[in-house]
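Presented below is the structure to which this report refers.
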Amino acid sequence: MIGPQHRVIAIDGPAGAGKSTIAKALSVRLGMKYLDTGAMYRAVTYEAMLRDLNLDDLENIAQLAVDCDLHVGLDRVIINGHDATDAIRQADVTANVSKVASNSGVRKEMRIRQQEWATMHGGGVIEGRDISTVVFPEAILKVFLTASPQIRAQRRVEQQGGNVNEIAAAIEQRDLFDSTRSDSPLAESNDSIVVDTSDRTIEEVVNELETLFLSRLSHGNS
Ligand code: CDP
């Protein structure tokens, strides 16, 4: 049976590898929906911080994730009725998100919501850290985006400002935490296409992924 996973393009990779830019552009090109799963973990982190909760209290934070009313759209992130679009990108949320994302209760709930989202939309372009490995292991196309640490830090500085050395150190720390956690760490799956975006334009990468996706669809390779 062809399930919603058949039409999922899973895009994983570390911070600053170009996931959001490429995933959004690809979704527009293919007329598919787009989901930023990092924004979901960021929103839960933001809400926990807003309520001054202890992020080490695993059960309480997992319960918050289960109970929250969360909408992650193309342009806006709404949690429990308030717009957190800008707030979830602030440095204090970025500094704490990996801890919240390592909470298995939070991950379980986010995974369920991501799978429900794909069922509702008949698939989509979905970006994150564990999309190929855990959330959609049957995705028709799995992509692991990388770029050199210097380029990734430079991109973040261009987006958000700041000192390049400090940003590079913060990214390195978060990537280490994300790739060494026990529950669904950041990793390539053995059938992912690895794309280094360091010296390639967005257009080139989107073209390559579009061609791959269309060829797999036409060959029924799911
Ligand atoms: O935009 P950036 O690459 O900096 O990060 P993000 O995609 O917004 O993700 C923020 C954090 O959420 C990551 O550092 C991970 O800790 C977590 N995350 C995750 O654990 N699993 C996902 N599928 C997506 C994000």
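In each ligand, atom 1 is the first atom listed, and ligand 1 is the first ligand listed. Because only heavy atoms are used, hydrogens play no part in the values below, and waters and symmetry mates are left out as well, while side chains stay in.
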Ligand 1 atoms nearer than 4.0 angstrom to some heavy atom of A101 are 16 (O), 17 (C), 20 (O)
Identified salt bridge (Lys or Arg N to Asp or Glu O under 4.0 Å) counterpart of D36 within the set R76, R89, K19
R89
Got the closest protein heavy atom to atom 21 (N) of ligand 1, with its distance?
R107 NH2, 3.0 Å
Atom 24 (C) of ligand 1: the protein heavy-atom neighbour that sits closest, reported with distance to 0.1 Å
T37 OG1, 3.3 Å
Applying a 4.0 Å heavy-atom criterion (strictly less than), which segment of K99 is in contact with ligand 1: side chain, backbone, both, or neither?
neither
Numbered atoms and elements of ligand 1 in range of R89, under 4.0 angstrom, heavy atoms
8 (O)
Those atoms of ligand 1 less than 4.0 Å from some heavy atom in K19
3 (O)
Taking atom 10 (C) of ligand 1 as the reference point, the nearest protein heavy atom with its distance:
R174 NH1, 3.6 Å
Where's the contact between M110 and ligand 1, heavy-atom distance under 4.0 Å: side chain, backbone, both or neither?
neither
At a 4.0 Å threshold, what atoms of ligand 1 neighbour a non-hydrogen atom of S98?
14 (O), 16 (O)
Validation row: I202, I22 side chains within 4.5 angstrom (heavy atoms):
yes
Can you tell me if R42 uses its side chain to pair, donor with acceptor, with the backbone of I88 under 3.5 Å?
yes
Under a 4.5 Å cut-off applied to non-hydrogen side-chain atoms, are R174 and T94 in contact?
yes
With side chains defined as the heavy atoms from C-beta onward, is the minimum distance between Q63 and E109 less than 4.5 Å?
no
Under 4.0 Å from one or more heavy atoms of A15, ligand 1 contributes atoms 3 (O), 4 (O)
Where on R42 is there a heavy atom closer than 4.0 Å to ligand 1, on the side chain, on the backbone, on both, or on neither?
side chain
Min side-chain heavy-atom separation D130-L186 under 4.5 Å:
no
If we ignore hydrogens and angles and just use 3.5 Å, is the side chain of T37 paired with the main-chain N or O of E127 as donor and acceptor?
yes
Nearest-option assignment for atom 16 (O) of ligand 1, heavy atoms, candidates T133, D178, T45, N96:
D178
Go through ligand 1 atom by atom and flag the ones less than 4.0 Å from a non-hydrogen atom of D130.
21 (N), 22 (C), 23 (N)
What's the shortest distance from atom 25 (C) of ligand 1 to any protein heavy atom, and which residue and atom give it?
G38 CA, 3.5 Å
Measuring from non-hydrogen atoms of M40 to any atom of ligand 1, is the shortest distance under 4.0 Å?
no
Tell me, do I112 and E116 make a side-chain contact under 4.5 Å, heavy atoms counted?
yes
Hey, which of D12, D183, D178 is the one that makes salt bridge (Lys or Arg N to Asp or Glu O under 4.0 Å) with R129?
D178
Could you tell me if the side chain of V143 sits less than 4.5 Å from the side chain of V195, heavy atoms only?
yes
Are any of the N/O atoms on R156, whether in the backbone or the side chain, positioned under 3.5 angstrom from an N/O atom of ligand 1?
yes
State, to 0.1 Å, how close A147 and R155 come at their nearest heavy-atom pair, and which atoms those are.
CB-NH1, 3.7 Å
Hey, is R129 touching ligand 1 through its side chain, its backbone, both or neither, going by heavy atoms under 4.0 Å?
both
At under 4.0 Å between heavy atoms, what of R181 touches ligand 1? The answer is side chain
